[in-house]
Amino acid sequence: MSDAVISIKDAVVSYREDVALQGVSLEVHRGEFIGIIGPNGAGKTTLLTVINGLGRLVQGEVRVLGLPVNEQNGIKLRRRIGYVAQVENIDPRLPINVRETVMVGSYGRLGLFHRPTAAHWASVDRMADMVGIAHLVQRPIGHLSGGEYQRAAIARAIVQEPDIFLLDEPTASIDERAQWEILDLIQRIHRKYGMTTLFVTHDLRQLPAVCERLVLMKEGRIWRQGKPESMLKKDVLSQLYGVPVSMPRQTGSASWLHSSQ
Amino acid sequence: MSVLEYQFMQNAVLAGLCGGITCSIVGVFVVTMHLSFIGVCIAHAAFAGALLGVWLGFDPLIGALVFSLASAGIIGPMADRGELNLDTSIGIVFSLMLGLAFLFLGLMSGSRTEALNLFWGSILTVSHRDLAFLGAVTAAEIGLVLAFYKEILAVICHRQVALAVGIPATLIFYGLLFATGLTITASLQSIGGLLIYTLILNPAAAAYQLTYSLKRMLLIASAFGVVSCWAGLTASYLLDIPSGASIVITSCIIFALATAFSPKRKVKRWQQA
């Protein structure tokens, strides 16, 4: 397809004896929102790292935004890819505040020897406002709660003005209310900017309603993929996880499961 | 003070200024990245290299430079490409350098005065050449911090994020390790192999207690480093005690005071649910 912004062909990634990806092929089109689910160790995070060039391919080919992903293009591509990982436990004494942390998103594109201008700082403040942390910008980054930290991480990724947005379990390890707020925020951002988005989660309730395609991963392979309504079925999910799965009931409006019920 | 009219004292004051600033700057990097032990490791590497120079009769400064830069160059890739975490790779390089230092010391024949001077350093007898080298390293380091401030901030606070947004984070990280090696080599003659890492660690660790801004931390740490050197020199002159020891003890006192009055002590560590 000509509008494929991500094209993965037969990707194999191995960490010593463990094969994390075993011949994965996937095409992602411009503006798509793809959910990636599967049990722990299925290769979901590894799939994201081969897209932004931080994972090492043993075999196969990955093209992103028209460029082959390799050592030469890695940095260039990462400047156009926003990445939000799981919330991390950071040192509360770290000498950097929220505003500076969000600004880090623009540093790759700015390049060496270029300082951020007033326009860049204005953009940081706008994004902080959009994600609801305008009142926290002067706080040390280590003083934020998990939900606040993830908002700052999302603001940082948007400041980057990315073409592709990769989210690796962004709602893991944060409380229920913060999870729904983050999900809602991610959907608002997708509707506003229309970025090609890949959203990884192992929690089925955390699948955003805006998700158009669902990729089910198991043991380093893409096991199935399709529309969420055809994938989110009790028998399919029970096979995926290897245990009987009951469909969650209590979900917020930001969740795909809620929107389909 | 008439003592400042002496050339050796002027040199010592200048060495204290440059050594205090440059050691504190790299100290800010290693303390923020929680890699304080790297100072100990590279100091021993520089010491081993200098001892090799003394033993084989070539310039100890060259030996120190080669060994400290080599160890800085080994630690980063060893942790990044191997199966070890950074702490382990630093520990292994440290033990190797300590072993080599003892080996070279043991193989030396005759007087070991020059070798032992490298242990303690001698800020009062620092030569013009050592001072010029220290001054050049200090100026280069300040220039690099000004030129790459935003990249350094990103790498020492959020290395994985820096990598993900397209900053050449690995290059910057290895550059910081090299700067540490260079700083230690340049300060070896005046501060000494055993004492140098306290001058790297203590002023930066004290500044870490007092501010949440990297810019302020760099300035405070540099000021603490210079004050440690100058106050230590003064104490050494007035009390007739070894200058290296008085510099280190002063920096420890500054750290203790900064910790006692730290506003960050009230911060409760955020724990994940």
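Below, chains carry the letters A, B, ... as their sequence lines are ordered, and counting in each starts from 1.
- Among the candidates A/Pro140, A/Pro116, A/Pro162, A/Pro95, the residue making the largest number of heavy-atom pairs closer than 4.5 Å to chain B is A/Pro95.
- Contact of B/Ser213 with chain A is made through the backbone alone, with heavy-atom distances under 4.5 Å.
- Annotation: maximal heavy-atom pairing with chain B below 4.5 Å, among A/Asn52, A/Ile96, A/Val104, occurs at A/Ile96.
- There is no side-chain donor-acceptor pair under 3.5 Å between A/His120 and A/Ser123.
- With a 4.5 angstrom heavy-atom cutoff, A/Leu54 touches chain B only via side-chain atoms.
- Both the backbone and the side chain of A/Tyr107 come within less than 4.5 Å of a heavy atom in chain B.
- Using a 30° and 60° split on the angle between ring planes, A/His190 and A/Phe33 fall in the perpendicular class, above 60°.
- For chain B, the nearby part of A/Ile81 is the backbone; its heavy atoms alone come within less than 4.5 Å.
- If you check the side chains of B/Glu141 and B/Thr22, you find a donor sitting under 3.5 Å from an acceptor.
- No side-chain donor-acceptor contact under 3.5 Å links A/Arg139 to the backbone of A/Val98.
- Interface residue A/Leu110: only side-chain heavy atoms are found under 4.5 Å from chain B.
- For the set B/Cys157, B/Ala147, B/Ala154, the entry with the most heavy-atom pairs within less than 4.5 Å of chain A is B/Cys157.
- Heavy atoms closer than 4.5 Å to chain A are found nowhere in B/Gln160, neither backbone nor side chain.
- Under 3.5 Å, the side chains of A/Glu88 and A/Tyr149 contain a donor-acceptor pair of N or O atoms.
- A salt bridge links A/Arg56 to A/Glu71: one of the charged nitrogens lies within less than 4.0 Å of a carboxylate oxygen.
- Taking the six-membered ring where the residue is Trp, the centroids of A/Phe113 and B/Phe148 are separated by under 6.0 Å.
- For a residue to count as touching a neighbouring chain, one of its non-hydrogen atoms must lie under 4.5 Å from one of that chain's; by this rule A/Arg80 does not touch chain B.
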